[in-house]
Every structure is written in C-alpha cells, then in structure tokens.
Amino acid sequence: MSQPELLHVKGLRTYFYLDSKKVAKAVDGVDFTIKPGETVALVGESGSGKSITSLSIMKLVSKPGKIKEGSILFGDKDLLNMSEKQMARIRGNDIAMIFQEPMTALNPVFTIGEQIVETIVKHKKIHKKLAYEKAIELLKIVGFPRAEETMKEYPHQLSGGMRQRAMIAIAISCDPKLLIADEPTTALDVTIQAQILDLLNEMKRKFNMAILLITHDLGVVAEYADQVFVMYGGQIVEKTSVEELFENPKHPYTTGLLESLPDIDKDVTRLGAIKGSVPPSYSFPEGCRFYDRCPHAMDTCKEQNPELIEHETDHFVRCYLYD
Ligand code: SF4
C-alpha cells in the first residue's frame with residue numbers, strides 16, 4: 001500500500017500585482033506531493049518560482065503578492081482555508097523553515113539559548129526550565145560540543161555554519177513533520193555545506209521528517225533528494241525520482257542544467273551553459289516558456305504552453321518533444 005501524503009499542493013497560483021496592468025505570475029499552476037520522511041528537491045534558476053512556492057506553503061507571501069488559487073493540503077487540512085492564528089500554530093510546530101542566511105531569521109539581540117527556549121515554550125507550552133534542558137540537548141544533537149556555553153552566545157559570535165546549525169536546532173525543536181530548507185547552504189563554504197546537508201539528512205532519519213529542499217544545485221539534489229521537481233517560469237517542467245532524472249532526463253531545460261554540472265569522469269574543457277535567462281514572470285510568452293532558450297524548439301512550441309504529462313511511470317514532463 002502506498003504511503004499517505006503529508007503535503008499535497010494542487011493548482012497553486014501565486015501572483016504579484018505590480019500595477020493595474022502588470023501581473024507577475026511567480027507560481028503558475030504548481031502540483032506536487034510530499035510523503036512523510038521524504039526529501040523532495042525543487043530545482044531551478046533564480047526567478048523560476050521555487051522560493052515563492054515555499055513561501056506560499058507557509059502563507060508568508062507579502063504584498064503585492066497574493067495566493068490566487070489552488071489548495072495546500074497538509075494531512076487533511078487545507079492551509080489556504082486557515083486563519084492567521086491557526087497558521088501561526090502550524091508554522092514552527094508542524095512545518096518549519098530555514099533560510100540561506102540564518103542572520104535574517106536569528107534575532108541579533110538575544111542569545112542562541114533564549115531564542116531556542118522561547119520557541120519551545122511558545123509551541124510546546126512546557127516550563128522554561130525543561131525547555132532550557134531540551135535546548136541544550138538539541139544543540140548537542142546538531143553538533144555543538146560546548147552546548148551550555150553556546151546557549152549564552154549571540155548569533156554574531158558564531159560562524160556562518162554554526163549559525164545554520166543553530167537555525168536547524170530551532171527548526172527541529174518542535175518536531176516538525178516537514179522542514180522547508182531554502183538554499184540552506186548557498187552562503188557557506190563547500191566543506192561546511194556538506195556538513196550541514198549531512199546534518200539535515202541525519203535529522204530527517206532520526207525524526208522521520210520530510211524535507212522540501214529548495215536549491216539551484218543539482219549536485220546537492222543527486223546526493224540528498226528522493227524526488228526532484230524542476231521548475232521553470234513559475235511551473236514544474238519535469239517531475240520524477242532522483243535516479244530517473246539523472247539517468248533519463250527529458251526536458252531540454254533539465255538536460256541543459258545537467259550539462260552545466262562538472263563531471264570528473266568526463267574529459268571536458270568547457271561546461272555547457274543554457275543561453276539567455278529566465279523570462280520575467282510578468283511577460284511569459286504564449287507558448288512554451290522555455291522557447292527562446294530551447295535548442296529543440298519547434299513551431300508548435302510557440303503556439304501553446306505544453307501540459308505536464310506523465311510520459312513514463314512517475315516521470316512527468318512539460319514538453320512537446322514527447323507527445
Ligand atoms: Fe523546447 Fe518545445 Fe519542449 Fe518547449 S515544448 S522545451 S520549446 S521542445
């Protein structure tokens with residue numbers, strides 16, 4: 001029997017109303033599911049809509065952005081029908097989020113300990129003394145050997161990697177079922193990146209937590225994800241398992257991304273690059289949104305945007321090449 005879904009995003013559209021005539025369709029009809037304990041990667045260049053998708057799930061899209069339609073089912077609850085008060089309970093308790101730059105989420109005037117304790121007390125409603133002990137335990141789990149001392153330190157006293165570990169401790173402090181990690185290692189050195197991603201993987205196994213990993217890095221995807229959704233122009237253009245994506249990529253955008261990955265087994269002097277850039281989300285072309293950059297573009301591609309279709313079992317592609 002297949003596992004029940006933890007999160008089901010259906011027909012999500014998040015638009016930004018820039019002025020009376022200009023509407024940026026940042027997320028434009030996105031569907032996907034995440035199962036408990038699964039790592040799903042949302043991949044694409046900046047401007048593809050992946051971060052706005054994650055902010056939509058948290059209902060943290062700010063004006064002039066607006067979730068225009070769709071549903072976001074978390075278990076049997078539709079997050080889009082929830083009041084701000086109900087949503088505040090979901091955030092942090094059931095769904096937590098970490099960002100690229102932890103300094104934006106950590107408060108510089110409070111110690112790491114105060115920030116973890118406050119989160120635990122707020123969401124778990126337990127006594128401060130118990131929360132303090134749990135905070136020390138969490139800091140040890142995420143790799144702070146001198147956890148008691150770290151409790152008294154301020155964010156600026158920690159390195160970038162250590163700040164990200166502290167953010168992970170805060171995020172997992174309330175045992176979330178889903179952790180959204182938006183480019184969690186982009187601002188870090190390569191060796192620290194691997195440590196943070198290994199830590200996330202370990203937390204996922206330990207707490208059976210699902211992870212929605214937002215990244216532009218296919219190397220990270222290959223190593224850590226179970227499923228991959230490739231986004232382009234506010235839509236998913238390819239959706240499949242990580243093994244299938246790397247062995248049998250179909251969409252020309254995916255193959256372009258893969259060709260731009262360094263491969264130590266190949267003797268190449270120049271990496272491939274996709275020409276041009278993502279079109280602005282307020283002026284997508286009528287037809288396929290990848291048309292201007294696609295090496296296989298045909299006349300039909302210009303007329304109508306292709307649908308996302310399952311061309312092989314569990315392998316969905318939005319491209320006329322496979323019709
Ligand atoms: Fe390229 Fe056409 Fe496929 Fe779009 S639909 S990706 S333009 S081949």
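By convention here, the first residue in the shown sequence is residue 1. All ligand and atom numbering here is 1-based and tracks the order in the structure. The structure presented is a predicted model; accordingly, all values stated were derived computationally and were not measured.
Heavy atoms of other residues, nucleotides or ligands lying less than 6.0 angstrom from CG of Asp299 number 12 at most.
The cluster map of Ile, Leu, Val, Met, Phe, Trp and Tyr, joined by side-chain heavy atoms under 4.5 Å apart, puts Leu60 and Ile52 in the same cluster. One hydrophobic cluster, built from ILVMFWY side chains closer than 4.5 Å, holds both Ile168 and Ile120.
Looking only at protein heavy atoms, the nearest one to atom 4 (Fe) of ligand 1 is Cys288 SG, 2.3 Å. Cys301 SG, 2.3 Å is the protein heavy atom nearest to atom 2 (Fe) of ligand 1.
Not one N, O or S atom of Cys294 sits under 2.8 Å from atom 4 (Fe) of ligand 1. Here Cys319 does not reach atom 2 (Fe) of ligand 1: none of its N/O/S atoms is less than 2.8 Å from the metal.
Heavy-atom proximity to Leu321, at under 4.0 Å, picks out these atoms of ligand 1: 8 (S). Close approach of ligand 1 to Tyr320 (heavy-atom distance below 4.0 Å) involves ligand atoms 3 (Fe), 5 (S). Atoms of ligand 1 found under 4.0 Å from any heavy atom of Tyr291 (numbered from 1 in listed order, with element): 7 (S).
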query = Going through the distances and angles, do Gln164 and Thr185 end up as a side chain to side chain contact (heavy atoms under 4.5 Å, CB included)?
reply = CA-CA 8 Å; Gln164 197 55 291; Thr185 59; 5.9 Å; no

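With respect to Leu7, the side chain to side chain contact (heavy atoms under 4.5 Å, CB included) criterion is satisfied by exactly one of Ile72, Ile180, Leu73: Ile72.
Of the candidates Arg293, His251, Gln304, Glu238, it is His251 that places a heavy atom closest to atom 6 (S) of ligand 1.
Here the side chain of Arg289 pairs no donor or acceptor atom with the backbone of Phe284 at under 3.5 angstrom.
Heavy atoms of Arg318 found under 4.0 angstrom from ligand 1: none, in either backbone or side chain.
Classified by interplanar angle (parallel below 30°, tilted 30° to 60°, perpendicular above 60°), the ring pair Tyr232/Phe290 is perpendicular.
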